Amino acid sequence: MKPVIGLTSHIDKAQNSPLGKSSIGNTYVESIMNSGGIPIILPVFIPESEMEAYINLCDGFLFSGGIDISPNYYDEDAHEKLGETLAELDRTQIPFMQKVLAAKKPVLGICRGCQVLNVACGGTLYQDLSEHSGTYIKHFQKTGPSDISHQVILENESILSQMYAKTFWVNSYHHQAVKEPGSGVRIIAYSKDGIPEAIQLKDFSYGLGIQWHPEAMFAHGDSSMKPLFESFVQACMKFCEND
């Protein structure tokens, strides 16, 4: 039986739709489907009273990319280069992430999802990479989504080091990143200019956050990211079988 995996969605403020639309790129859906999982798209806003029902419904969760997180969640004033935020989205995703972690279900955070994972664990973010001295790599590329942009360097003994070489290429679409890791969070990959590119939860079956967009690479034909999604789906399958 294939594992059911919940995918967080985002609000699309479409014209002629005053309530907006729940939206997620099909690259996330295809990446899970092509790795053996059954993707379920979750509503943008979930009342806290209903979160447990969604957590019980799924065997694992993928927190997708999106807009910035409000810095008040890590007790900072807004930086002048802070991007768009949405309070309702933060009020859903951060406590939802905390409940997913309390349930010990596998989680994969991509871009914003990686940042949500860190903030939910009490960590902080660079609100803009200009806050990080020594940054020289272009972290928000202006080329196609499947194009590679820069290399990441892996730490030893991590989820990623089990499937990738010490250094490998990724795409890049972010202006924020993990600054101080939260409780139980370990930084497991960096760019060559020192920006954290991946995090992992300590003493947790499968808790991974990555700053690049592997779903865009995989769905557009780059098979190098397939092992990542397969490892996540397999972790969800294992949880399903042992539940």
Side-chain angles (χ1 to χ4, degrees), residues 3-11 22 24 28 32 37 39-76 78 82 84-127 158-159 174 176-188 196-211 231-233 235-236 238-240 242-243:
V4 176
I5 299 172
L7 313 181
T8 63
S9 61
H10 295 273
I11 194 76
S22 295
I24 185 172
Y28 294 99
I32 294 299
I40 300 291
I41 299 174
L42 304 176
V44 179
F45 308 126
I46 303 174
E48 192 157 1
S49 61
E50 303 297 330
M51 289 182 180
E52 293 294 343
Y54 284 100
I55 290 172
N56 292 337
L57 179 66
C58 301
D59 303 304
F61 294 87
L62 188 159
F63 282 71
S64 60
I67 61 176
D68 291 355
I69 299 169
S70 174
N72 62 34
Y73 278 91
Y74 45 95
D75 199 29
E76 288 187 10
L82 179 70
E84 179 185 3
T85 63
L86 184 62
E88 295 93 332
L89 186 62
D90 294 339
R91 283 198 292 266
T92 291
Q93 290 193 352
I94 292 173
F96 190 69
M97 175 69 84
Q98 291 168 337
K99 290 180 182 295
V100 168
L101 298 181
K104 303 294 184 183
K105 295 205 170 181
V107 62
L108 172 62
I110 293 177
C111 201
R112 173 190 162 92
C114 172
Q115 297 161 10
V116 169
L117 175 59
N118 191 52
V119 172
C121 292
T124 67
L125 305 175
Y126 291 110
Q127 294 186 49
S158 70
I159 293 173
H174 66 103
Q176 296 194 318
V178 170
K179 183 164 61 176
E180 292 294 331
S183 176
V185 174
R186 173 193 171 205
I187 299 174
I188 61 169
E197 289 285 340
I199 58 175
Q200 179 176 329
L201 296 182
K202 305 171 186 176
D203 303 318
F204 198 87
S205 62
Y206 196 104
L208 178 64
I210 52 180
Q211 195 57 70
S231 75
F232 172 56
V233 171
C236 296
K238 185 175 180 180
F239 188 94
C240 175
N242 294 335
D243 190 20

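Keep in mind that what you see is a predicted model, and the values were worked out from it rather than measured.
Met97 and Ala120 get closest at one heavy-atom pair: CG-CB, 3.6 Å. Between Ala103 and Phe239 the shortest heavy-atom distance is O-CZ, 3.8 Å. Between Ile46 and Pro43, the closest heavy-atom pair is CG1-O, 3.9 Å.
Between the OG atom of Ser22 and the CG atom of Leu7 there is a distance of 12.5 Å, given to the nearest 0.5 Å. A distance of 5.0 Å separates NZ of Lys179 from OG1 of Thr124, quoted to the nearest 0.5 Å. Between the OG atom of Ser158 and the CD1 atom of Ile199 there is a distance of 12.5 Å, given to the nearest 0.5 Å. With rounding to the nearest 0.5 angstrom, the CG atom of Asn118 is 8.5 Å from the CD1 atom of Ile69. Between Leu62 atom CG and Ile40 atom CD1 the span is 13.0 Å, to the nearest 0.5 Å. Between atom CD1 of residue Ile67 and atom CG of residue Leu86 there is a gap of 5.0 Å, rounded to the nearest 0.5 Å.
Between Met51 and Val100, the closest side-chain pair of non-hydrogen atoms is not below 4.5 Å. For the pair Val178/Leu117, no side-chain contact is recorded, criterion being any heavy-atom separation below 4.5 Å from C-beta on. The side-chain heavy atoms of Leu125 and Tyr74, taken from C-beta on, include a pair separated by under 4.5 Å. A 4.5 Å side-chain heavy-atom check between Val44 and Ser9 finds at least one atom pair inside the cut-off.
By the side-chain hydrogen bond (donor to acceptor under 3.5 Å, both in side chains) test, Ser70 pairs with Asn72, sequence neighbours left out. Legend: residues meeting side-chain hydrogen bond (donor to acceptor under 3.5 Å, both in side chains) with Thr8, ordered by chain and number and at least two apart, are Ser64. Checked against ring-ring contact (aromatic ring centres under 6.0 Å, His included), His174 has the following partners two or more places apart in sequence or in another chain: His139. The side chain to side chain contact (heavy atoms under 4.5 Å, CB included) test applied to Pro3 returns Asp59, Val233, Cys236, Met237, not counting sequence neighbours. Take Gln200 and apply the side-chain hydrogen bond (donor to acceptor under 3.5 Å, both in side chains) test, not counting sequence neighbours, and it matches no residue.
The environment of Asp75 atom CG is sparse: at most 12 non-hydrogen atoms of other residues, nucleotides or ligands sit within 6.0 angstrom.
Residue pairs meeting the side chain to side chain donor-acceptor pair (under 3.5 Å) criterion with at least one partner in residues 202-211, sequence neighbours excluded, are Gln115-Gln211, Tyr206-Ser231. The side chain to side chain donor-acceptor pair (under 3.5 Å) analysis of residues 87-100, with sequence neighbours excluded, yields the pairs Asp90-Arg112, Gln93-Arg112. Legend: side chain to side chain donor-acceptor pair (under 3.5 Å) pairs involving residues 44-54, not counting sequence neighbours: none detected.
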>> As a quick check of understanding, evaluate side-chain contact (heavy atoms from CB on, under 4.5 Å) for Val107 and Leu208, giving each step before the final call.
In response: CA-CA 6 Å; Val107 62; Leu208 178 64; over 6 Å; no
>> Determine whether Ile94 and Val119 satisfy the following criterion, side-chain contact (heavy atoms from CB on, under 4.5 Å), listing intermediate values before the conclusion.
In response: CA-CA 7 Å; Ile94 292 173; Val119 172; 3.9 Å; yes
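Thr85 contributes no side-chain N or O that, together with a main-chain N or O of Asp68, makes up a donor-acceptor pair within less than 3.5 Å.
Under the 30°/60° scheme for interplanar angles, the aromatic rings of Phe96 and Phe61 are found to stand perpendicular.
For the side chain to side chain contact (heavy atoms under 4.5 Å, CB included) with Tyr28, the lone residue among Ile41, Ile5, Ile110 that qualifies is Ile110.
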